[in-house]
2 protein chains.
Amino acid sequence: MQSPGCLMAGRRPSLWPVSKTPPIYDQRYPARQLLDVIAGKWTPIILYCLSGGTRRFSELQHQIPDISKKMLIQVLRRLESDGIVARTVYPVVPPKTEYRLTPLGRRIHEPVAMLCQWAVENEKDLKTVMRKRGVTAQD
Amino acid sequence: MQSPGCLMAGRRPSLWPVSKTPPIYDQRYPARQLLDVIAGKWTPIILYCLSGGTRRFSELQHQIPDISKKMLIQVLRRLESDGIVARTVYPVVPPKTEYRLTPLGRRIHEPVAMLCQWAVENEKDLKTVMRKRGVTAQD
DNA sequence: ATTCATGGTTACTTTTAGGTAACTACTATT
DNA sequence: AATAGTAGTTACCTAAAAGTAACCATGAAT
């Protein structure tokens, strides 16, 4: 997989890396855009949880115990404004809010799932890298 | 693709998200490890360039014109210490240094290539997201 | 004598991501 | 009367990532 189209926008598939003045590296590169959307510390795990179906705020909090309220809501709000997550508020008391993936969200979850699958299948390679970084995966 | 094994280490494939005390979100999740390695702003494009073969420092600089020397060398050094990139210095003057992917680096490039492929095939979905973010991909 | 290209290094600043803790409002339960 | 659970908000702080600009040594070409 080596075609120049991979990292760059489809508009100039033959200009780079061949061109003498390659296009500027910016947010037009699809792979960069994708990573900008999914690469946050909590984003993949939240997408993963929601890929299992609709979840209440507190359910997500319990499934991801290390996340703070602030980060959970911050990521959810960003995903919502990205059109990836839909939020439904039930006007009851105590409050009840549900989050679920939109159709677009389900598409965005695809590459996350691919990444997960590759990562599990190639855990040894990842462990090699982590070991070189001094991340001891004891326990 | 919904098995709990995807985001978490293979050791506890059935404990989460079923368990009442799910494992702590940390660097043991393979997908997280993978993203920690490939998700930097410049890392994917550098891996992509090197996937095309051995490159001199200046070649990389010209292929990625927006990157600063500092960032290029910083990422290359990190990839080198991760065992993903190999560096060969020729003791000539002017200096000549070559960078290439190691076998491990070629493996790590696989998911990057997958991401790239998905991103190009689903550019419309990505554009939808970027538009909602106000990133106008004019030109 | 000066400039260019090579492959860097260094110090400093800005920007972004992420984390902590306290606070809100409402109701039910003890 | 105090506490817990719900879904948040707010102000503040730290750490990491990224960017800027100047500097270095060398030798060849001008």
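Order of the sequence lines sets the chain letters (A, B, ...), proteins ahead of strands, with each chain counted from 1. Reckoned from all heavy atoms, side chains included, excluding hydrogens, waters and symmetry mates.
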Measuring from [X]:[atom1] to [Y]:[atom2], what's the distance to the nearest 0.5 Å?
{"X": "A/I45", "Y": "A/I64", "atom1": "CD1", "atom2": "CD1", "value": "5.0 Å"}
{"X": "B/L76", "Y": "B/T43", "atom1": "CG", "atom2": "OG1", "value": "9.5 Å"}
{"X": "A/R107", "Y": "B/W118", "atom1": "CZ", "atom2": "CH2", "value": "6.0 Å"}
{"X": "B/L35", "Y": "A/K41", "atom1": "CG", "atom2": "NZ", "value": "13.0 Å"}

For B/T88, all residues meeting side chain to side chain donor-acceptor pair (under 3.5 Å), sequence neighbours excluded: B/R100
Partner of B/D82 by side-chain hydrogen bond (donor to acceptor under 3.5 Å, both in side chains), out of A/K132, A/R133, A/R131: A/R133
Rounded distance (Å) that lies between atom C1' of C/dA5 and atom CG of B/L60: 16 Å
Nearest-Å distance for atom pair CG/P, residues A/L72 and C/dT20: 14 Å
Nucleic acid footprint by protein, nucleotides 4-23 of chain D - heavy-atom cut-off 4.0 Å, B for base, S for sugar-phosphate alone: -BBBBSBB------BBB---
A/Q117-A/E121 side chain donor-acceptor pair, cut-off 3.5 Å: yes
Axis-to-axis angle between the two ends of the helix from C/dA1-D/dT30 to C/dT30-D/dA1 (five base pairs per end, rounded to 10 degrees): 30°
Expected output: side-chain A/T102 to main-chain A/I84 donor-acceptor under 3.5 Å: yes
